[in-house]
Amino acid sequence: QVRLLESGGGSVQPGGSLRLSCVASGRGARNMIMGWFRQAPGKERVTVATINWNGATTFVQYALGDRFSISRANSENTVYLQMNKLKPEDTATYYCAALEGTGLTTDSTRFDYWGQGTQVTVSS
């Protein structure tokens with residue numbers, strides 16, 4: 001069983017930055033496809049970014065441009081989401097998820113393990 005724990009959420013003004021962290025623990029936590037997803041109130045969950053097992057391949061939602069980036073430190077079983085130039089529309093609960101495998105996917109329904117989520121609020 002893999003457990004995921006997100007941190008780094010909070011409130012920030014428009015234009016600010018946050019870095020979310022997700023630590024994976026448990027058997028099989030290493031070398032998994034990892035992803036960040038977000039869900040705003042009344043809206044569907046959307047894929048923000050995903051990263052393959054060794055960090056060589058990443059996907060970031062096109063609409064986010066270069067404001068967001070994903071990375072990982074396998075030595076620490078941690079994946080990061082760096083969010084810059086935040087906008088009010090980035091307000092959502094952000095979830096970390098993991099999937100066993102060596103490829104890359106952006107399909108949230110394929111992810112097996114999910115964290116509890118961390119709230120990000122962008123407001124002046």
Side-chain angles (χ1 to χ4, degrees):
Q1 184 72 16
V2 175
R3 294 176 296 277
L4 304 174
L5 182 62
E6 304 103 331
S7 63
S11 296
V12 64
Q13 292 186 341
S17 298
L18 285 173
R19 188 176 79 158
L20 305 183
S21 300
C22 173
V23 179
S25 61
R27 186 173 183 179
R30 289 183 178 271
N31 303 333
M32 302 183 78
I33 302 168
M34 304 289 291
W36 287 99
F37 305 83
R38 71 185 185 184
Q39 187 167 20
K43 296 187 177 180
E44 294 185 353
R45 181 176 60 195
V46 299
T47 303
V48 175
T50 60
I51 188 167
N52 79 324
W53 72 278
N54 65 358
T57 307
T58 63
F59 164 84
V60 178
Q61 185 191 116
Y62 179 78
L64 297 173
D66 61 356
R67 297 190 300 117
F68 287 26
S69 63
I70 187 170
S71 61
R72 68 189 299 162
N74 280 355
S75 60
E76 300 174 356
N77 286 357
T78 302
V79 63
Y80 303 99
L81 182 69
Q82 179 66 44
M83 306 185 293
N84 300 323
K85 300 177 182 178
L86 284 161
K87 303 176 180 181
E89 51 263 43
D90 295 319
T91 296
T93 301
Y94 285 71
Y95 297 91
C96 174
L99 166 67
E100 294 182 7
T102 58
L104 188 70
T105 181
T106 62
D107 183 355
S108 64
T109 65
R110 295 187 59 192
F111 283 75
D112 298 314
Y113 305 101
W114 290 83
Q116 293 298 307
T118 184
Q119 178 66 36
V120 171
T121 302
V122 185
S123 174
S124 56

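Here the structure is a predicted model, which means the values were calculated and not measured. The analysis underlying the following values was restricted to heavy atoms, covering all of them including side chains, and did not include hydrogens, waters or symmetry mates.
When all heavy atoms of Val60 and Gly65 are compared, the pair lying nearest together is CG1-O, 4.3 Å. Nearest approach of Leu18 to Gly8, heavy atoms of both residues: CD2-O, 3.8 Å. A pairwise comparison of heavy atoms in Ser17 and Val12 identifies N-CG2, 4.0 Å as the closest pair.
Two rings, from Trp114 and Phe37, have their centers less than 6.0 Å apart.
Look at Asp90 and Arg67 and you find a salt bridge, because one of the NZ, NE, NH1 or NH2 atoms lies within 4.0 Å of a carboxylate O, short of that distance.
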Evaluate side-chain contact (heavy atoms from CB on, under 4.5 Å) for Trp53 paired with Ile33, printing each intermediate quantity in order. CA-CA 5 Å; Trp53 72 278; Ile33 302 168; 5.6 Å; no
Run the side-chain hydrogen bond (donor to acceptor under 3.5 Å, both in side chains) test on Glu76 and Asn74 for me, step by step, so that the C-alpha distance in whole Å, both residues' side-chain angles and the decisive distance to 0.1 Å come before the verdict. CA-CA 5 Å; Glu76 300 174 356; Asn74 280 355; over 6 Å; no
For a side-chain contact (heavy atoms from CB on, under 4.5 Å) check, start with the C-alpha distance between Leu20 and Trp36, then their side-chain angles and the critical distance, and finish with the verdict. CA-CA 9 Å; Leu20 305 183; Trp36 287 99; 3.6 Å; yes
Check against side-chain contact (heavy atoms from CB on, under 4.5 Å), Glu100 and Tyr113: CA-CA 9 Å; Glu100 294 182 7; Tyr113 305 101; 3.9 Å; yes
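Side-chain atoms of Asp112 do not come within 3.5 Å of backbone N or O of Ala98 as any donor-acceptor pair. Of the possible donor and acceptor atoms, none in the side chain of Gln82 sits under 3.5 Å from a partner among the backbone N and O of Ser69. Of the possible donor and acceptor atoms, one in the side chain of Glu6 sits under 3.5 Å from a partner among the backbone N and O of Cys96. Distance alone, capped at 3.5 Å, is enough to place a donor-acceptor pair between the Asn52 side chain and the Thr57 backbone. Distance alone, capped at 3.5 Å, places no donor-acceptor pair between the Thr50 side chain and the Thr106 backbone. Under the 3.5 Å distance criterion, the side-chain polar atoms of Thr118 are matched with a main-chain donor or acceptor of Gly9.
Tyr94 pairs by the ring pair (Phe, Tyr, Trp, His ring centres under 6.0 Å) definition with nothing, not counting sequence neighbours. The ring pair (Phe, Tyr, Trp, His ring centres under 6.0 Å) search around Tyr80 returns none, not counting sequence neighbours.
Summarising the geometry, atom OG1 belonging to Thr91 is positioned 9.0 Å from atom CZ belonging to Arg38; distances are rounded to the nearest 0.5 Å. Within the model, atoms CZ of Phe59 and CD1 of Ile51 stand 13.0 Å from one another, a figure rounded to the nearest 0.5 Å. Between atom CZ of residue Arg72 and atom OG1 of residue Thr58 there is a gap of 11.5 Å, rounded to the nearest 0.5 Å. Annotation: the span from Leu86 atom CG to Ser11 atom OG amounts to 11.5 Å, rounded to 0.5 Å. One distance of note links CG of Asn77 with CE of Met32; it measures 10.5 Å at 0.5 Å rounding. Taking OG of Ser25 as the reference point, atom CD of Gln1 lies at 9.5 Å (rounded to 0.5 Å).
Under the 4.5 Å side-chain criterion, counting only non-hydrogen atoms from C-beta, Asn84 is not in contact with Phe68. Leu64 is listed as a side-chain neighbour of Val48, based on a closest heavy-atom distance under 4.5 Å. Using a 4.5 Å cut-off on side-chain heavy atoms (C-beta onward), Pro88 and Pro14 make contact. Proximity of Leu81 to Arg19: side-chain heavy atoms (C-beta onward) are nowhere separated by under 4.5 Å.
The salt bridge (Lys or Arg N to Asp or Glu O under 4.0 Å) contacts involving residues 42-62 comprise nothing, where partners must be two or more places apart or lie in separate chains.
Residue-environment remark: CD (Gln119) exceeds the threshold of 12 foreign heavy atoms within 6.0 Å.
For the 3.5 Å distance criterion, the side chains of Asp107 and Thr109 qualify, holding a donor opposite an acceptor.
When hydrophobic clusters are built by joining Ile, Leu, Val, Met, Phe, Trp and Tyr residues whose side-chain heavy atoms come closer than 4.5 Å, directly or via intermediates, Leu4 is grouped together with Ile70.
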